[in-house]
Amino acid sequence: MTTPELPGDGAQRPSPHPYQPPYQQAGNTPAYTMPAPPAAPKKQLNVLGLIALITAVLGFIFACVPGALIIGWVLLPIAFILAIVSLFLKDKAKWMGITALITSVVGTIVGFIVFTAVVATSFDNAFGSGDTTVVAPSNDAGATTGAQTNSNAGAGTRENPYPIGSVIESDDWRVVVNSVTLAATDAVVAANSFNDPPAAGSEYILVNYSVTYKGDDPNGQTPVFVSVDYVTADGTTVDGTKKMVVAPESINNLSTLYKGGTATGNDAFEVPSASAGDGVLAIRAGMLSDKVFVAVK
């Protein structure tokens with residue numbers, strides 16, 4: 001096989017392989033350039049994230065308005081779910097979904113705080129403002145006749161309880177302990193066939209009291225949150241639910257009372273026999289009213 005003669009050179013060079021590029025002279029090798037990386041695709045608008053963000057903002061606003069709390073409580077969970085779903089959409093912008101998620105969580109916390117404040121205010125309006133006054137009976141030698149005394153003024157404590165017959169009042173309720181009957185076990189057991197005898201070393205006592213509604217609610221209120229408990233000499237509280245018995249002529253504290261309406265009746269307590277007369281009654285004229293103490297004899 002013959003080789004072609006290169007110009008300007010008498011030497012023979014082997015013929016290049018038909019499938020190989022010819023030799024390049026030194027200094028004439030073309031530069032190799034890397035292909036440019038493909039441009040990152042632009043994130044598309046996340047419509048679901050936008051909807052979640054708008055819903056979260058509206059829910060946050062409504063959750064801060066006491067009269068529209070329910071709307072906020074509906075919108076915020078919806079926004080939370082939509083925000084989570086929007087974060088899993090491929091090639092979609094995520095910032096709106098993240099913002100909606102944070103807004104829905106913060107809005108729920110704020111809504112809960114507002115809800116708690118509204119409930120506390122409602123209870124305060126329904127069951128008293130916490131301001132309690134006491135009028136001692138005129139026949140009590142140690143009290144000023146007809147005097148109105150603040151419950152925090154020293155009187156009305158366990159060590160210095162008010163006498164039986166004192167009128168305990170809040171803005172909405174008036175409570176009067178009419179009498180306390182010690183050693184009333186026979187009367188309580190006989191009042192209902194399902195009443196069990198007291199435990200050994202204990203006895204039943206009966207507390208007769210009256211509850212009057214003073215408020216202006218046109219729908220009335222029930223005196224269920226007016227509490228009368230017995231506190232033993234060693235400081236243990238005994239409420240009427242510790243031993244479920246039906247007292248003779250028991251008070252009905254579940255019936256609705258309207259302004260000026262009064263419920264009167266007995267409540268039975270199982271107390272230690274040895275110190276039954278040494279305890280006191282703890283009374284609240286409404287859920288948020290101050291607790292005051294009344295003697296049992």
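Residues Leu257 and Thr222 are not in side-chain contact: their nearest non-hydrogen atoms beyond the backbone lie 4.5 Å or more apart. Under the 4.5 Å side-chain criterion, counting only non-hydrogen atoms from C-beta, Leu206 is in contact with Val188. Within the 4.5 Å cutoff, no side-chain heavy atoms of Val271 are placed close to those of Ser202. Using a 4.5 Å heavy-atom threshold, the side chains of Phe80 and Val105 count as touching. A 4.5 Å side-chain heavy-atom check between Ile168 and Val176 finds every atom pair outside the cut-off. A 4.5 Å side-chain heavy-atom check between Glu203 and Leu182 finds at least one atom pair inside the cut-off. The closest side-chain heavy-atom distance from Leu281 to Phe293 is not below 4.5 Å. Side chains of Asn266 and Ser250 form no contact here, defined as non-hydrogen atoms less than 4.5 Å apart.
In the model, Ser170 has no side-chain atom that pairs as donor or acceptor with a side-chain atom of Asp172 under 3.5 Å. Side-chain contact, Ser227 with Asp229: no donor N or O sits under 3.5 Å from an acceptor N or O. Between Asn208 and Thr181, the side chains place no donor N or O within less than 3.5 Å of an acceptor N or O (distance only, hydrogens not considered).
Across Thr262, Asn253, Thr212, a single residue satisfies side chain to side chain contact (heavy atoms under 4.5 Å, CB included) together with Pro223, and that is Asn253. Tested against Tyr230, the residues Asp267, Ile205, Val207 include a single side chain to side chain contact (heavy atoms under 4.5 Å, CB included) partner, Ile205.
Side chain of Thr236 to main chain of Thr232: no donor-acceptor pair is present (N/O by atom type, distance under 3.5 Å, no hydrogens or angles). Listed for the Thr132 side chain is no donor-acceptor partner under 3.5 Å among the backbone atoms of Ser289. Within the 3.5 Å criterion, the main-chain N or O of Ala199 finds a donor-acceptor partner in the side chain of Glu270.
Atom CD1 of residue Ile98 and atom CD1 of residue Ile84 lie 12.0 Å apart, to the nearest 0.5 angstrom. Taking OG1 of Thr103 as the reference point, atom CD1 of Ile61 lies at 10.5 Å (rounded to 0.5 Å). One distance of note links CD1 of Ile283 with CG of Asp290; it measures 13.0 Å at 0.5 Å rounding. Rounding to the nearest 0.5 Å gives a distance of 7.0 Å between OG of Ser275 and CG of Asp234. Here the straight-line distance linking atom CD of Glu169 with atom CG of Asp171 works out to 10.0 Å at 0.5 Å rounding. Taken to the nearest 0.5 Å, the OG atom of Ser86 stands 11.0 Å off from the NZ atom of Lys92.
Of all the heavy atoms in Ser166 and Pro163, the pair that sits closest is OG-O, 2.8 Å. Residues Leu69 and Val114 come closest through the heavy atom pair CD2-CG1, 3.9 Å. For the pair Gly49 and Ala100, the tightest heavy-atom approach, listed with the atom from each and the gap, is O-CB, 4.4 Å. In terms of heavy atoms, Cys64 sits closest to Val110 at SG-CG1, 3.6 Å. Here the closest non-hydrogen pair linking Asn178 and Thr264 is ND2-CG2, 3.9 Å. The two residues Lys94 and Leu89 make their nearest non-hydrogen contact at NZ-O, 2.9 Å.
By the 4.0 Å N-to-carboxylate-O rule, Asp216 lies close enough to Lys259 to be salt-bridged with it.
Cluster membership for Val65 and Ile113, using ILVMFWY side-chain heavy atoms within less than 4.5 angstrom, is not shared. Under the 4.5 Å side-chain heavy-atom criterion for grouping Ile, Leu, Val, Met, Phe, Trp and Tyr, Val228 is connected to Val180 within one hydrophobic cluster. Phe269 and Val246 fall into different hydrophobic clusters, defined by Ile, Leu, Val, Met, Phe, Trp and Tyr side-chain heavy atoms under 4.5 Å apart, directly or through other members. Residue Leu76 is not grouped with residue Val57 when hydrophobic side chains (ILVMFWY) are merged at heavy-atom distances under 4.5 angstrom, including chains of intermediate members. A continuous path of hydrophobic side-chain contacts links Leu254 to Phe225 [ILVMFWY only; heavy atoms under 4.5 Å].
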For this session: Step by step, work out the side chain to side chain contact (heavy atoms under 4.5 Å, CB included) result for Val167 and Arg174.
Result: CA-CA 7 Å; Val167 180; Arg174 178 186 301 117; 3.5 Å; yes

For this session: Dump the intermediate steps for side chain to side chain contact (heavy atoms under 4.5 Å, CB included) on Met96 and Leu45, then the final yes or no.
Result: CA-CA 9 Å; Met96 287 185 291; Leu45 176 65; 3.5 Å; yes

For this session: Evaluate the criterion side chain to side chain contact (heavy atoms under 4.5 Å, CB included) for residue pair Ile51 and Val47; output intermediate values, then yes/no.
Result: CA-CA 6 Å; Ile51 296 174; Val47 177; 4.1 Å; yes

For this session: Evaluate side chain to side chain contact (heavy atoms under 4.5 Å, CB included) for Tyr204 paired with Val189, printing each intermediate quantity in order.
Result: CA-CA 9 Å; Tyr204 287 119; Val189 172; 4.3 Å; yes

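The aromatic rings of Phe115 and Trp73 sit perpendicular to each other, their planes meeting at more than 60°, with 30° as the lower class boundary.
Enclosure of atom CG in Asp186 is not indicated, since only 12 or fewer non-hydrogen atoms of other residues, nucleotides or ligands lie within 6.0 angstrom.
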